[in-house]
Number of protein chains: 2
Amino acid sequence: MRKFEQLGSLSEPEMQALWKAPVRFGHVRAHEDIVSEGQGLSESSLILDGFACRYKLLPGGMRQIMSFQIPGDFCDLQGLVLTAMDYAVGALTRCHVAFLSHQSLFQLFETHPRIAQALWKETLVDGMIHREWLENIGRRPAYARIAHLLCEMRSRLKAIGLAQDRQFELPLTQTDIGDATGLSMIHVNRTLRKLRADGLITFHANVVTVHDWKRLQSTAGFDPSYLQLQPIGSGKIGRAR
Amino acid sequence: MRKFEQLGSLSEPEMQALWKAPVRFGHVRAHEDIVSEGQGLSESSLILDGFACRYKLLPGGMRQIMSFQIPGDFCDLQGLVLTAMDYAVGALTRCHVAFLSHQSLFQLFETHPRIAQALWKETLVDGMIHREWLENIGRRPAYARIAHLLCEMRSRLKAIGLAQDRQFELPLTQTDIGDATGLSMIHVNRTLRKLRADGLITFHANVVTVHDWKRLQSTAGFDPSYLQLQPIGSGKIGRAR
DNA sequence: CGAATACTTGATTACCTTCAATACGCGTGG
DNA sequence: CCACGCGTATTGAAGGTAATCAAGTATTCG
């Protein structure tokens with residue numbers, strides 16, 4: 001549970017302060033919502049364990065997933081600064097979640113402004129992922145689109161030690177993948193088979209096995225520097241303060 | 001140029017401080033970049049006048065537009081906290097731009113932390129727009145997709161006094177609309193004609209005329225509360241501080 | 001073990017893209 | 001002033017990608 005540390009290179013006293021903040025722990029069953037759309041929030045939730053997704057429902061009942069949240073990700077920092085959520089967060093597996101009250105976060109911001117900045121940064125990274133997905137859904141054909149999603153998830157899961165080079169667990173149904181990529185479940189199925197037939201990956205029992213990482217990456221048009229951020233302290237901000 | 005005020009309900013002394021900050025003014029010709037991808041920045045740019053867009057180019061030369069920036073919008077707040085831009089910002093028309101150095105912004109944050117929060121909020125609104133676009137591109141057919149884009153732009157332009165009920169200027173080519181919605185220019189053309197034939201809108205010489213707002217909204221699945229945010233001071237944050 | 005959920009496969013249809021060619025609008029320069 | 005060229009818009013035809021419909025199989029879970 002010491003995943004706070006990935007939060008973004010804070011200094012020792014800042015980490016100390018975070019440890020002392022009151023945290024409520026809880027868990028959410030698979031297929032239940034962690035946060036609902038339209039809700040106003042009084043605490044922010046951080047995934048400690050499990051997979052979740054942000055999504056919206058359309059009038060017709062269709063679902064669009066906007067991002068997957070993995071351990072170490074905040075779900076709803078948006079609710080800290082804005083008064084209503086424009087999306088829901090659903091648990092894809094059983095999730096362990098830490099809830100931090102907004103009040104105590106704001107108190108932390110007073111004494112440790114860099115914590116606010118670290119959280120701001122979190123939301124900016126969300127924005128980067130959204131833009132990557134816009135590019136993906138808007139301009140790539142299904143084959144590359146799914147390949148790209150797999151590249152992204154491998155990359156993000158590796159960063160938190162949940163993926164190996166050749167293999168990682170990805171507890172998504174084909175319906176989930178379809179809702180994330182803007183495709184029908186059926187087409188996802190066929191495309192996965194094609195990826196399999198081409199010797200790029202296999203996806204079975206929630207496990208992705210990468211057979212040809214290089215080719216997967218190139219068909220996806222995946223940029224390996226994706227989300228490889230510089231730590232806060234070493235960049236412009238360090239200088240500016 | 002007093003569009004700073006839309007920045008998000010800051011108090012008087014905060015506004016005063018903003019006025020005193022050093023600002024560099026400039027302009028960018030149409031079709032030129034305001035910011036390039038991959039760049040590290042030392043100042044943040046705010047559109048005072050004109051239209052711009054955030055975009056990425058794919059290896060094949062395709063372009064995906066992630067959002068349109070209109071007067072009063074920051075283009076690259078991301079560069080304040082992160083060290084490299086993951087997208088470029090291109091001017092669609094001649095743009096007047098204000099550049100605020102990161103250094104002076106960070107100084108402002110020290111004395112007026114709510115300014116930082118207002119900018120954080122700006123980036124969260126960007127995130128909301130991205131998610132709306134993800135839903136749009138991922139799950140709506142071309143007809144509704146373009147209708148939705150028009151609804152959004154009308155709504156945002158109205159908020160800054162640049163749209164009337166029935167008519168507003170939208171200096172986008174059909175290619176731009178295609179790159180924003182993930183469609184081919186040709187299909188945009190045909191879809192616009194269909195919207196015209198159905199009596200919803202006309203789009204000619206960069207002017208959108210709305211003939212049937214209600215029907216446009218309903219075919220788009222547009223939520224009229226989109227981006228209607230509560231001011232910062234009146235929400236949770238006000239209480240928390 | 002039975003029901004529910006997830007996956008697979010085939011056939012058909014529709015949406016959207018690509019290719020190709022033409023027309024329009026506008027500023028430049030002859 | 002008109003010709004020219006360029007970017008933008010328009011239109012038609014052909015083809016491919018992905019959706020929908022329909023039915024059947026495998027898994028998971030209570």
Side-chain angles (χ1 to χ4, degrees), chain A residues 29-32 51 53 58 60-65 90-94 136-149 169-198 201-208 219, chain B residues 29-32 51 58 60-65 90-94 136-147 149 169-198 201-208 219:
Chain A
R29 280 196 296 269
H31 309 293
E32 278 184 5
F51 266 62
C53 67
L58 279 88
M62 278 182 148
R63 180 174 65 151
Q64 176 66 46
I65 293 177
L92 295 168
T93 66
R94 184 169 210 271
N136 202 31
I137 297 181
R139 284 304 185 203
R140 274 194 269 262
Y143 190 75
R145 214 183 285 184
I146 291 178
H148 195 278
L149 177 66
E169 213 195 323
L170 190 71
L172 305 178
T173 68
Q174 297 184 357
T175 304
D176 294 332
I177 296 177
D179 288 345
T181 51
L183 298 167
S184 71
M185 179 206 61
I186 290 164
H187 201 59
V188 170
N189 183 295
R190 293 186 171 129
T191 308
L192 282 173
R193 169 131 18 85
K194 202 144 180 287
L195 285 165
R196 163 82 208 271
D198 294 347
I201 57 117
T202 52
F203 179 42
H204 186 252
N206 288 342
V207 173
V208 177
T219 64
Chain B
R29 280 197 295 269
H31 308 294
E32 279 186 3
F51 266 62
L58 278 87
M62 277 182 148
R63 180 174 66 151
Q64 176 66 44
I65 292 178
L92 296 168
T93 65
R94 184 170 211 271
N136 202 32
I137 296 181
R139 283 307 184 201
R140 274 193 267 263
Y143 190 74
R145 214 182 285 183
I146 291 179
L149 177 66
E169 213 195 323
L170 190 72
L172 306 178
T173 68
Q174 297 184 356
T175 304
D176 294 332
I177 296 177
D179 287 344
T181 52
L183 298 167
S184 70
M185 181 204 61
I186 290 162
H187 202 57
V188 169
N189 183 294
R190 292 186 171 128
T191 308
L192 282 172
R193 168 131 20 86
K194 201 143 180 288
L195 285 164
R196 161 83 209 270
D198 293 347
I201 56 116
T202 52
F203 179 41
H204 186 252
N206 288 342
V207 172
V208 178
T219 64

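As the structure is a computational prediction, the values presented were derived from the model and not from experiment. Chain A is the first sequence line, chain B the second, and so forth, proteins listed ahead of strands; every chain is numbered from 1.
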Nearest-Å distance for atom pair [atom1]/[atom2], residues [X] and [N]:
X        : N      : atom1 : atom2 : result
A/Leu195 : C/dT8  : CG    : P     : 13 Å
B/Arg193 : D/dA9  : CZ    : C1'   : 9 Å
A/Ile177 : C/dT8  : CD1   : C1'   : 15 Å
B/Leu192 : D/dA9  : CG    : P     : 9 Å
B/His31  : D/dT8  : NE2   : C1'   : 10 Å
B/Asp179 : C/dT17 : CG    : C1'   : 14 Å
A/Phe203 : C/dT8  : CZ    : C1'   : 15 Å

* Set of salt bridge (charged side-chain N to carboxylate O under 4.0 Å, His left out) partners for A/Glu32, sequence neighbours left out ->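 By the salt bridge (charged side-chain N to carboxylate O under 4.0 Å, His left out) rule, A/Glu32 matches A/Arg29.
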
Do the side-chain N or O atoms of B/Gln174 get closer than 4.0 angstrom to the phosphate oxygens (OP1, OP2) of D/dG7?
->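 Result: no.
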
Respond yes when some side-chain nitrogen or oxygen of B/Asn189 is under 4.0 Å from OP1 or OP2 of D/dT10, and no when none is.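 Answer is yes, contact under 4.0 Å.
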
With sequence neighbours left out, write down each residue that passes side chain to side chain contact (heavy atoms under 4.5 Å, CB included) with [X], or none if nothing qualifies.
X        : result
B/Asn136 : B/Arg140, B/Arg145, B/His148
B/Arg139 : A/Leu58, A/Met62, A/Gln64, A/Asp179
B/Leu170 : B/Phe51, B/Leu150, B/Met153, B/Leu157, B/Phe168, B/Leu172, B/Phe203, B/Val208
B/Ser184 : B/Ile186, B/His187

Each nucleotide of nucleotides 15-24 of chain D classed B (base within 4.0 Å of a protein heavy atom), S (only sugar-phosphate) or -, in 5' to 3' order, makes ---BSBBB--

Q.
Can you give me the bend angle of the helix from C/dC1-D/dG30 to C/dG30-D/dC1? Use the axis through the first five pairs and the one through the last five, nearest 10 degrees.
A.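 Helix axis angle between the two ends: 40°.
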
_Go through it in stages, so that I can follow the logic: the residues are A/Ile146 and A/Leu183, the test is side chain to side chain contact (heavy atoms under 4.5 Å, CB included), and I'd like the CA-CA distance, side-chain angles, deciding distance and then a yes or no._
CA-CA 9 Å; A/Ile146 291 178; A/Leu183 298 167; 4.0 Å; yes

[X]: which residues meet the side chain to side chain donor-acceptor pair (under 3.5 Å) condition with it, sequence neighbours left out?
X        : value
A/Asn206 : none
A/Arg190 : none
A/Thr173 : A/Asp176
B/Thr93  : none

Could you check whether any side-chain heavy atom of A/Leu92 comes within less than 4.5 Å of a side-chain heavy atom of A/Cys53, counting everything from C-beta outward?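 A/Leu92 vs A/Cys53: side chains touch.
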
Distances under 3.5 Å between protein N/O atoms and the N/O atoms of nucleotides 25-30 of chain D, please, pair by pair.
none

